[in-house]
Visitor: 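Please see the structure below; I have some questions.
Ligands are counted one by one from 1 in listed order, and the atoms in each one are counted from 1 as well. We're numbering straight along the sequence, starting at 1.
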Amino acid sequence: MTNLARRTLLRAAAAVPVAGALGFPAIVRAASGPEFVFKYGNNLPLTHPLNVRSQEAANQIKEASKGRMEIRIFPNNQLGGDTDMLAQVRSGGIEMFTPSALVVSTLVPSVAINAVGFAFSDYNQVWGAMDGKLGAYVRTAMQKAGLESFEKMWDNGFRQTTTSNGPITSAQNMRGLKIRVPVSPLSIDMFKGLGAAPTSLQFSEVYSSLQTHIVDAQENPLPIVQVAKLYEVQKYCSLTNHMWDGYWFVLNQRAWQRLPKDLQGIASDAFNQSALRQREDVRKLNEAAVADLQSKGLSINRPAPDTFRAALRQAGFYAEWKNRFGNQAWDLLEQSVGKLA
Ligand code: X2X
């Protein structure tokens with residue numbers, strides 16, 4: 001806004017009769033726009049609960065802050081791939097980003113601890129750990145690397161395997177499988193341990209690389225298979241439940257510290273409350289997903305986890321990652337899921 005325009009508006013506002021103390025600041029504020037604008041990038045289509053509930057949180061923040069704070073959402077990799085957005089949120093090019101824990105681990109290795117293969121067996125274990133000591137441990141590690149985060153993690157889900165060339169019924173079927181995984185050392189190592197031939201690609205490239213057979217398989221939770229329409233380019237879906245994955249809501253540290261305490265409170269309340277609703281949305285989507293994906297042509301099977309776990313043990317996967325994550329993180333994980341290695 002030009003100075004002239006601002007002055008004209010201020011004068012107009014000042015000229016409003018004193019109809020009550022409430023009306024006056026509202027007019028000035030509406031004319032001058034929000035004091036704090038946070039750009040928030042993510043990698044998912046607008047239809048995913050992550051975006052639906054983030055928009056809800058953004059609306060709540062706008063209202064509760066009386067227009068002082070605005071969150072602008074850039075979904076669907078509009079601002080680049082995950083590793084680009086991670087760099088941007090660190091430099092301050094954007095203020096917020098929701099990377100999967102798998103992706104944050106390229107910067108802070110211990111963050112991927114929740115995604116150790118076949119560790120969590122249900123959501124009670126997951127939220128117990130992530131809303132408890134394990135989550136707190138990881139958030140402190142991110143903070144040391146310059147990333148603030150909201151307390152509640154958002155759900156991505158248990159990852160399942162889809163392919164174009166046959167179902168995965170045991171670890172045997174993983175042999176030589178050309179499978180796309182996220183940009184994540186843990187995912188690469190785990191699929192190598194299972195005998196597959198994994199490739200890291202940004203999420204924005206998954207559909208086209210399946211379509212053109214650069215890879216024959218990918219692994220993601222069912223709601224993502226739905227919203228990204230991966231069933232159009234895959235034939236089989238094997239419910240391998242091989243890792244649980246979630247999104248951290250991370251913030252640029254300087255931008256967060258510049259925010260006045262009252263706005264920090266409004267923003268974290270809104271995002272933490274929306275996180276709980278988002279988890280519930282994903283739970284409901286998961287319940288209906290198998291039938292929905294079958295009706296869209298995917299053939300679904302449920303392999304037992306035993307052969308996969310055995311292959312990973314034999315490959316030394318658990319021993320190796322216990323070492324990489326460190327005893328403290330590993331112990332906290334085992335407190336929730338039992339002995340792993
Ligand atoms: O890239 C993926 O596979 C996704 C969408 O699950 C993540 O964000 C890790």
Visitor: Are Glu287 and Lys284 close enough for a salt bridge, meaning some N to O gap below 4.0 Å?
Guide: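 No.
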Visitor: Is Lys192 atom NZ crowded by more than 12 heavy atoms from other residues, nucleotides or ligands, each under 6.0 Å away?
Guide: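 Counting neighbours around NZ of Lys192, 12 or fewer heavy atoms of other residues, nucleotides or ligands fall under 6.0 Å, so no.
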Visitor: Hey, does Gln218 sit under 4.0 Å from ligand 1 if you only count heavy atoms?
Guide: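 No, that is not the case, since the closest heavy atom of the residue is not under 4.0 Å from the ligand.
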Visitor: Any idea which part of Asn156 is under 4.0 Å from ligand 1, heavy-atom wise: side chain, backbone, both or neither?
Guide: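 Contact part for Asn156 vs ligand 1: side chain (C-beta onward).
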Visitor: State whether the number of non-hydrogen atoms from other residues, nucleotides or ligands found under 6.0 Å of Gln172 atom CD is greater than 12.
Guide: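 Atom CD in Gln172 is not packed in, count stays at 12 or less.
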Visitor: Could you tell me whether Lys235 and Asp216 have a side-chain N and a carboxylate O separated by less than 4.0 Å?
Guide: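 The answer is no: the pair does not qualify as a salt bridge.
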Visitor: Identify, by atom number and element, the atoms of ligand 1 in contact range of Ile224, meaning under 4.0 Å from any of its heavy atoms.
Guide: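 Per the distance check, 5 (C).
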Visitor: Any heavy atom of Asn43 closer to ligand 1 than 4.0 angstrom?
Guide: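 Flag set, Asn43 near ligand 1.
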Visitor: Examine Arg279 relative to Trp127 and say whether NZ or CZ is less than 6.0 Å from the centre of the six-membered ring and inside a 45° cone about the ring axis.
Guide: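 Verdict for Trp127: a cation-pi partner in Arg279.
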Visitor: Heavy-atom count around Arg302 CZ within 6.0 Å, excluding the residue itself: above 12?
Guide: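 12 or below, so no.
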Visitor: Just wondering, more than 12 heavy atoms not from Arg324 lying within 6.0 Å of its CZ?
Guide: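 Counting other residues, nucleotides and ligands, CZ of Arg324 exceeds 12 neighbours.
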Visitor: I'd like to know whether ligand 1 has Val206 as a neighbour, heavy-atom separation below 4.0 Å.
Guide: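 Flag not set, Val206 not near ligand 1.
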Visitor: Tell me which protein heavy atom sits closest to atom 5 (C) of ligand 1, plus the residue, atom name and distance to 0.1 Å.
Guide: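 Going atom by atom, the protein heavy atom closest to atom 5 (C) of ligand 1 ends up being Tyr247 OH, 3.4 Å.
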Visitor: For atom 9 (C) of ligand 1, grab the closest protein heavy atom and report residue, atom and distance to one decimal in Å.
Guide: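 Protein heavy atom with the smallest distance to atom 9 (C) of ligand 1: Ser100 CB, 3.4 Å.
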Visitor: Counting heavy atoms only, which of Gln202, Arg180, Glu205, Glu219 is nearest atom 2 (C) of ligand 1?
Guide: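 Going through Gln202, Arg180, Glu205, Glu219 one by one, Arg180 has the nearest heavy atom to atom 2 (C) of ligand 1.
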Visitor: Tell me the protein heavy atom at minimum distance from atom 4 (C) of ligand 1, and give that distance in Å.
Guide: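 The closest heavy atom on the protein side is Asn220 OD1, 3.5 Å.
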